> 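One structure, as structure tokens, below. Some questions next.
Remember, predicted model here, so these are calculated numbers, not experimental data. Here is the naming used below: chain letters follow the sequence lines, and residue numbers restart at 1 for every chain.
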Amino acid sequence: MLTLNFIREKKELIIERLKVKNFDAREIIDKIIDLDNKRRKTKQKSDSLQSEINQISKEIGKLFSQGLKEEAEAVKKKTAAIKEEIKKAGTALGHIEKELMELLVTVPNIPNEMVVPGKSEEGNVKVKEGGTIPELVNDPLPHWELARKFDIIDFELGNKLTGAGFPVYKGKGAKLQRALINYFLDEGQKAGFSEVLPPIIVNEDSGFGTGQLPDKEGMMYHVPVDNYYLIPTAEVPVTNIYRDVILNADQLPVKNIAYTPCFRREAGSWGAHVRGLNRLHQFDKVEIVVIAHPEKSYEALEMMVDHVEKLITSLELPYRIMRLCGGDISFTSALTYDFEVFSAAQKRWLEVSSVSNFESFQSNRLKCRFREKGEKQNKLVHTLNGSALALPRILAALLENNQHPDGIKIPDALVSYTGFESI
RNA sequence: GGAGAAAUGGCAGAGUGGUCGAAUGCGGCGGUCUUGAAAACCGUUGUCCCGAGGAAUCGGGACCGGGGGUUCGAAUCCCUCUUUCUCCGCCA
């Protein structure tokens, strides 16, 4: 959510920049500014009326303490009409604020200058490519067949227990999963991220804070009896740690890392391209979240991208880094880098990480601010997050790319975690 | 799940209808003293919104767990939700 002040001050700039995201903002911005003017006027009115009441109340208090009961009663009579007006102004203000909020949350974050226009993912810009695509044996198997062959992931069993998209990892598959989680967490800690293990079910406020609610309600599993939501990513609980928090400038940047399962309903997105591990309802992910000083957030973004790249490189996977174009970047993001690894049997690039700077778009909702020494005004922090990494597609690529006639080779970096060198 | 108690500023903790945004202590910040530090002493100390101003700042409003109500006036009374504590029950 953009701040009202920013919208008022940089109206034309916002309209111009949002064209990159294929969003026509002019009409809505005008409405917002108009409503905000109304809001201010109404607030002014209600405040001055309230001030009157406060004055009168003090007077009455004095009169009573002097024992002048009758005089006090007389003054009381003046209040009825004012109170009626306050009530009116109050409800009007409430309506205006609600409407204003409803409009505000529909305006996307403005993209960074590096974001190019584009219609879809076709327009994304490749900024880097690394690793080598392996030469595979004849008739390489896609990971879902490898999974069956070596009995390490059981999709059918998951269907029985829950439904499609909830695989059961077995034996070396389960161990490999655990190895990856531990490896990612350990590497994160070495890079200065401090670990949290948050709840994976959150309340409505948290859903709102990171922007899943009210719009993207359909992506999350809902627990109606308690009105809780299963998290679609650790970003939700971890970022919400800092909801309504004022940090000291010297605490920045805050660097957190968290492993959680993630739950996504992914309604209506089924077909051949989402077979096997490519898209799941429940999956594991290690997430990094950074709360940064506004002047240092792009530095932080770079640091995060480097970290993710190092992880993928250490797993010896062929990868490319894409800078998302205006058509593919998310509603909340100012700049996003996607990491894709090449899954050699499917012959496809699979997205395994998305690292974004939200600038103050999220922190404005979260009300996460920081205090600079010597400055009175608290300012909004910048928030960033990224996957480091999402497991299923990494697993898919590892299985497919490392298949050999005699089994699947585990990358060296993982062996001390798995305890075995091949499957 | 049942019974009872409680929720106040960064923390501790007063305040049960009228200058209470809130005593006091601790902490933080600034200063005096000191070669320096500590101690002592003095001062200062939240957040949000509206308005004025170039700014420092000033005026107004709101906030004592959340929401609602009573009243001219609520931290204080009432309703409701949430959370915490104690006792009982149950349980990984």
> What's the CG-P distance between A/Leu100 and B/rC49, to the nearest Å?
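Distance check: A/Leu100 CG to B/rC49 P gives 13 Å.
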> Determine the interatomic distance between C1' on B/rC33 and the same-named atom on B/rC41; round to the nearest Å.
9 Å
> Within 45 degrees of the axis of the six-membered ring of A/Phe420 and under 6.0 Å from its centre: does A/Lys172 put its NZ or CZ there?
yes
> Between A/Asn112 and A/Tyr298, do the side chains contain an N or O donor and an N or O acceptor separated by less than 3.5 Å?
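Checked: A/Asn112/A/Tyr298 side chains pair up, N/O donor to acceptor below 3.5 Å.
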> Once you round it to whole Å, what is the distance between C1' of B/rC29 and CZ of A/Arg371?
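My rounded result for the distance is 12 Å.
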> Considering only NZ, NE, NH1 and NH2 on the basic side and carboxylate oxygens on the acidic side, decide whether A/Glu59 and A/Lys62 come within less than 4.0 Å.
no
> Tell me: CZ of A/Arg40 to P of B/rG61, nearest whole Å?
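Going from A/Arg40 (CZ) to B/rG61 (P), I get 19 Å.
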> Base, sugar-phosphate or nothing for A/Ser51? Non-hydrogen atoms, less than 4.0 Å.
sugar-phosphate
> If you only use heavy atoms from C-beta on, which nucleotide in B/rC72, B/rC49, B/rA62 is closest to the side chain of A/Lys43?
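Nearest listed nucleotide: B/rC49.
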> Out of B/rA62, B/rC72, B/rC49, which nucleotide sits closest to the side chain of A/Gln50?
B/rA62
> Kindly point out which of B/rG46, B/rG61, B/rC72 is positioned nearest to the side chain of A/Ser57?
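The listed nucleotide nearest to A/Ser57's side chain is B/rC72.
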> Between atom CG in A/Leu247 and atom P in B/rG10, what is the gap in whole Å?
14 Å
> Any salt bridge between A/Arg40 and A/Asp36, counting N to O under 4.0 Å?
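So A/Arg40 pairs with A/Asp36 through a salt bridge.
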> Answer with base, sugar-phosphate or nothing: what part of the nucleic acid does A/Ile246 contact at a heavy-atom distance below 4.0 Å?
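If one applies the 4.0 Å heavy-atom cut-off, A/Ile246 turns out to touch the sugar-phosphate alone, with no base involved.
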> Would you indicate, yes or no, if B/rG28 has its OP1 or OP2 atom less than 4.0 angstrom from a side-chain nitrogen or oxygen of A/Asn248?
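No, A/Asn248 has no side-chain N/O under 4.0 Å of OP1/OP2 on B/rG28.
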> Could you measure between the two C1' atoms, the one in B/rG73 and the one in B/rA62, and give it in whole Å?
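16 Å, rounded to whole Å.
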> For the side chain of A/Gln44, starting at C-beta, report the closest nucleotide among B/rC50, B/rC72, B/rG61.
B/rC50
> Separation of A/Lys87 atom NZ from B/rG68 atom C1', in whole Å?
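In whole Å, B/rG68 C1' lies 12 Å from A/Lys87 NZ.
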> In terms of side-chain heavy atoms of A/Ile53, which of B/rC72, B/rU47, B/rC49 is nearest?
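Between B/rC72, B/rU47, B/rC49, the one nearest the side chain of A/Ile53 would be B/rC72.
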> Considering every strand and a 4.0 Å limit on heavy-atom distances, what is the contact class for A/Lys58: base, sugar-phosphate, or nothing?
nothing
> Please state whether the base of B/rG60 and the side chain of A/Asp47 form at least one donor-acceptor pair under 3.5 Å?
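Pair found.
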> Below the 4.0 Å mark, does B/rU47 have OP1 or OP2 next to a side-chain nitrogen or oxygen of A/Arg369?
no
> Which part of the nucleic acid, if any, lies within contact of A/Ile56, taking any heavy atom under 4.0 Å across all strands shown: a base, the sugar-phosphate backbone alone, or nothing?
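No contact.
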> Is A/Arg365 positioned over the aromatic face of A/Phe208, cation under 6.0 angstrom from the ring centre and no more than 45 degrees off axis?
yes
> Taking only Lys NZ, Arg NE, NH1 and NH2, and the carboxylate oxygens of Asp or Glu, determine whether A/Asp406 and A/Lys409 approach each other closer than 4.0 Å.
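A salt bridge is absent here (no side-chain N lies under 4.0 Å from a carboxylate O).
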> What integer distance in Å separates A/Tyr228:OH from B/rU82:C1'?
9 Å
> From B/rU47, B/rC72, B/rG61, pick the nucleotide closest to the side chain of A/Asn378?
B/rU47
